[in-house]
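To start, the structure itself, in structure tokens.
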Amino acid sequence: MAAQRGMPSSALQVLEEALGMGLTDARDTASAVAAEGAYYLEQVTITEASEDDYEYEEIPDDNFSIPEGEEDLAKAIQMVQEQATDTHILEEKTDLPSKHVAPEVIEDFLCNFLMRMGMTRTLDCFQSECKAREELLKTQKERDFHRMHHKRTVQEKNKLINDLKGLKLHYASYEPTIRVLHEKHHTLLKQKMLTSLQRDRAVKQISRVQATLMCAESGCSNSVPEIRAIPSREKKNAPGPTQNDLHETREQDKYKTKMKNKTDSKFPTDLQPNPNLYFCKENNRPAKFDYKLNNIFRLHSLPVSCIAIHPRKDILVSCGEDHIWKLVGLPKGNVLLTGCSHTDWLSNCCFHPSGNKLATASGDTTVKLWNLSKGNCLLTFEGHGHAVWSCTWHTCGDFVASSSLDTTSKIWDVNSERCRCTLYGHTDSVNSIEFFPYSNTLLTGSADKSLSLWDARTGKCEQTLYGHMHSINDATFAPRGHIIASCDSCGVTKLWDFRKLLPIVSIDTGPSPGNEVNFDSSGRVLAQASGNGVIHLLDLKSGEIHKLMGHENEAHTVVFSHDGESLFSGGSDGTVRKWS
């Protein structure tokens with residue numbers, strides 16, 4: 001039996017206020033107990049009832065639930081107070097104070113009320129405030145998003161700035177090394193040039209010694225018969241000369257004969273005057289500019305790189321990047337001869353002054369001479385380190401000059417079949433080379449933006465012309481020889497006074513590159529093959545520029561016929577087009 005213990009009313013009030021629960025019934029029960037007296041606790045046995053028909057009520061799990069076995073009123077009150085304190089702190093930390101949001105039902109009620117009462121202005125203000133509130137919340141969300149994006153962008157920017165600073169420091173550490181390597185490169189180039197010069201001198205000395213020995217041997221053979229000593233064993237075993245001995249003797253005789261005939265050619269000193277001077281003075285017919293596309297010759301499967309006109313016959317030669325050249329008869333364009341001995345693309349060709357030979361330059365670093373009567377290769381000059389861009393014949397026909405990607409030019413002797421001279425001076429690829437008509441002067445155009453004039457007899461550079469701002473692709477003399485024309489990779493064509501060695505005029509037809517320039521026989525019209533497929537015709541008298549439109553792609557080469565009535569151009573589509 002347990003005695004009654006009255007529960008103080010103050011404790012019940014505190015619990016009611018803290019938990020928010022209706023404790024009125026409990027208070028009434030306590031008052032009744034105090035009034036009626038003591039109660040006795042009796043032992044009652046509760047049997048298990050069937051749970052099939054009983055409905056349970058789910059009790060929510062509050063955050064401030066007390067662990068089982070530790071039920072205590074003081075602890076419960078303390079946990080409720082802590083929960084209230086935490087809620088108050090969280091409300092203070094928010095940016096915007098929590099506001100009571102009116103349910104949509106209330107808003108609808110207010111709207112209906114204002115509409116019934118006819119308070120339209122108040123209704124408009126109320127709806128405007130609702131919309132403004134929605135826009136404000138939306139704008140605040142966008143602001144928070146953009147702030148976060150801005151912070152991320154600033155972080156990425158700072159990271160990129162740091163990476164850029166690190167790369168600059170890393171790049172700066174390479175500059176001294178690059179400078180040292182550049183100086184070493186220039187030193188090695190100088191040593192290479194000096195070595196090449198010494199090699200050429202040694203080759204000259206060797207050729208002179210061989211010529212002296214051959215002369216001495218020929219003199220001895222005429223005066224004293226050659227006696228060959230044979231050992232006693234050979235005499236016994238070999239009664240007479242064998243077939244191998246006879247064959248070796250014949251080969252030696254052939255070699256000696258060939259070496260006797262291989263003497264160095266001499267540059268002519270008493271050259272005849274240029275006949276084009278008188279021809280240009282007598283030619284008074286007006287210049288022609290109204291060319292129209294007359295015919296298309298499909299000759300190559302790859303781009304056409306060069307066209308050359310025969311000096312006396314109605315024949316032209318076209319060179320292509322398909323490793324072959326073709327001799328074409330005019331005006332029908334039938335192929336007369338084909339040459340296919342090069343192992344890489346052909347870059348240039350040039351007829352011998354007599355017209356019976358052809359020189360071709362190729363990307364396989366060689367220059368080949370061809371016999372046009374039979375179509376066979378007569379001679380191959382090897383010595384360039386990289387692709388050969390251009391070649392040209394001397395007026396006397398004994399020398400061929402070539403220019404190469406290896407920054408050098410070479411003069412080849414056709415009779416002695418060797419390199420007579422190497423021209424050093426350009427610092428980049430030498431793209432063009434041409435002999436001045438009826439002289440020993442050479443003109444070269446280079447990717448180092450300069451033109452150079454050389455004395456072919458000594459191999460020295462006599463004059464250098466500066467003025468181009470881009471790589472020079474081609475340069476040529478006028479028929480009379482008084483003007484030089486050059487074009488560069490940005491489409492700028494310049495005319496130079498050869499007598500004064502000064503620029504005359506500059507014509508900009510860019511931005512497409514100018515691939516080749518050529519004068520007509522009168523020297524009054526200059527044609528330029530452009531990278532955009534247009535053939536530009538410049539009237540040197542009036543300064544007007546005429547355009548020929550017909551190439552579908554890039555135009556690589558252009559040349560006039562001897563009478564000036566026709567014009568031939570080659571393009572990247574492998575065709576040669578005739579304009580007349």
Side-chain angles (χ1 to χ4, degrees), residues 285-297 303-309 316 318 348 390 431-432 434 443 445 447 449 451 465 467-480 482-497 503-573 575-580:
R285 61 180 180 83
K288 182 178 179 179
F289 299 99
D290 54 345
Y291 293 97
K292 294 182 180 180
L293 186 60
N294 181 269
N295 203 349
I296 298 177
F297 307 140
V304 178
S305 56
C306 178
I307 298 174
I309 302 294
L316 65 83
S318 67
N348 194 251
S390 181
N431 299 329
S432 173
E434 185 175 335
L443 171 67
K449 310 171 189 177
L451 298 169
L465 305 177
H468 279 281
M469 303 300 293
H470 302 277
S471 171
I472 298 175
N473 290 339
D474 189 36
T476 184
F477 289 103
R480 292 175 57 188
H482 63 297
I483 293 177
I484 299 174
S486 59
C487 62
D488 63 21
S489 60
C490 201
V492 176
T493 300
K494 287 184 176 291
L495 298 179
W496 311 78
D497 189 338
I504 301 174
V505 68
S506 179
I507 304 101
D508 189 357
T509 60
S512 298
N515 295 322
E516 187 176 295
V517 286
N518 264 313
F519 288 94
D520 69 341
S521 57
S522 65
R524 290 177 292 182
V525 181
L526 177 67
Q528 181 213 52
S530 180
N532 58 3
V534 179
I535 306 297
H536 296 93
L537 300 179
L538 175 63
D539 186 355
L540 300 185
K541 187 175 182 180
S542 63
E544 295 181 359
I545 299 177
H546 304 266
K547 296 182 180 180
L548 302 181
M549 314 288 288
H551 280 279
E552 298 176 358
N553 296 311
E554 187 174 359
H556 289 166
T557 178
V558 61
V559 63
F560 287 93
S561 62
H562 295 298
D563 56 4
E565 294 297 324
S566 300
L567 180 71
F568 299 92
S569 61
S572 59
D573 56 357
T575 63
V576 174
R577 297 174 186 254
K578 178 183 178 182
W579 310 77
S580 59

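Keep in mind it's a predicted model, so treat the numbers as computed, not measured.
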Self-check item: Interatomic spacing from CG in Leu526 to CG in Leu540 - rounded to 0.5 Å
Solution: 6.0 Å
Quiz prompt | Test item: Thr493 side-chain N/O and Cys487 main-chain N/O as donor-acceptor pair under 3.5 Å | solution = no
Self-check item: Reported OH-to-OG distance for the pair Tyr291 and Ser569, which is rounded to 0.5 angstrom
Solution: 12.0 Å
Quiz item: In terms of ring plane angle, is the pair His551 and Trp579 parallel, tilted or perpendicular, where the classes change at 30° and 60°?
Solution: tilted
Exercise. Output yes when a side-chain donor or acceptor of Asn431 lies under 3.5 Å from a complementary backbone atom of Ile472, and no otherwise.
Key: yes
Quiz item: Hey, what do you get for CD1 (Ile507) to NZ (Lys494), rounding to the nearest 0.5 Å?
Solution: 9.0 Å
Self-check item: Donor-acceptor contact present, side-chain Arg577 to main-chain Gly550, <3.5 Å
Solution: yes
Practice problem: Grab the two heavy atoms, one from Ala287 and one from Val525, that are nearest each other, plus how far apart they are. | Solution: CB-CG2, 3.6 Å
Quiz prompt | Nearest heavy-atom neighbours spanning Val492 and Ser506 | solution = CG1-OG, 3.3 Å
Practice problem: Kindly write out the residues that satisfy side chain to side chain donor-acceptor pair (under 3.5 Å) with His556, not counting sequence neighbours, or none if the list is empty. | Solution: none
Self-check item: Nearest non-hydrogen partners of Val558 and Asn518, listed with the distance
Solution: O-ND2, 2.8 Å
Quiz item: Is there a side chain to side chain contact (heavy atoms under 4.5 Å, CB included) between Phe477 and Ile484 once you walk through the steps?
Solution: CA-CA 5 Å; Phe477 289 103; Ile484 299 174; 3.7 Å; yes
Quiz item: Of all heavy-atom pairs between Leu495 and Ala485, which one has the smallest distance, and what is that distance?
Solution: CD2-CB, 3.7 Å
Quiz prompt | Which atom of Leu443 lies closest to which atom of Ala475, heavy atoms considered | solution = CD2-CB, 4.0 Å
Quiz item: NZ/Lys547 to CD1/Ile535 distance, rounded to the nearest 0.5 angstrom?
Solution: 12.0 Å
Exercise. Among residues two or more places apart or on two chains, list those pairs meeting salt bridge (Lys or Arg N to Asp or Glu O under 4.0 Å) that have a residue in residues 507-521.
Key: none
Quiz item: Looking only at heavy atoms, which two atoms of Trp496 and Ser486 are closest? And how far apart?
Solution: NE1-OG, 3.0 Å
Quiz item: What distance separates Cys490 SG from Lys449 NZ, expressed to the nearest 0.5 Å?
Solution: 11.0 Å
Exercise. Check the side chains of Asp474 and Ser432 for a donor-acceptor pair under 3.5 angstrom, ignoring hydrogens and angles.
Key: yes
Quiz item: Which value, rounded to the nearest 0.5 Å, describes the distance between Phe560 atom CZ and Leu567 atom CG?
Solution: 5.0 Å
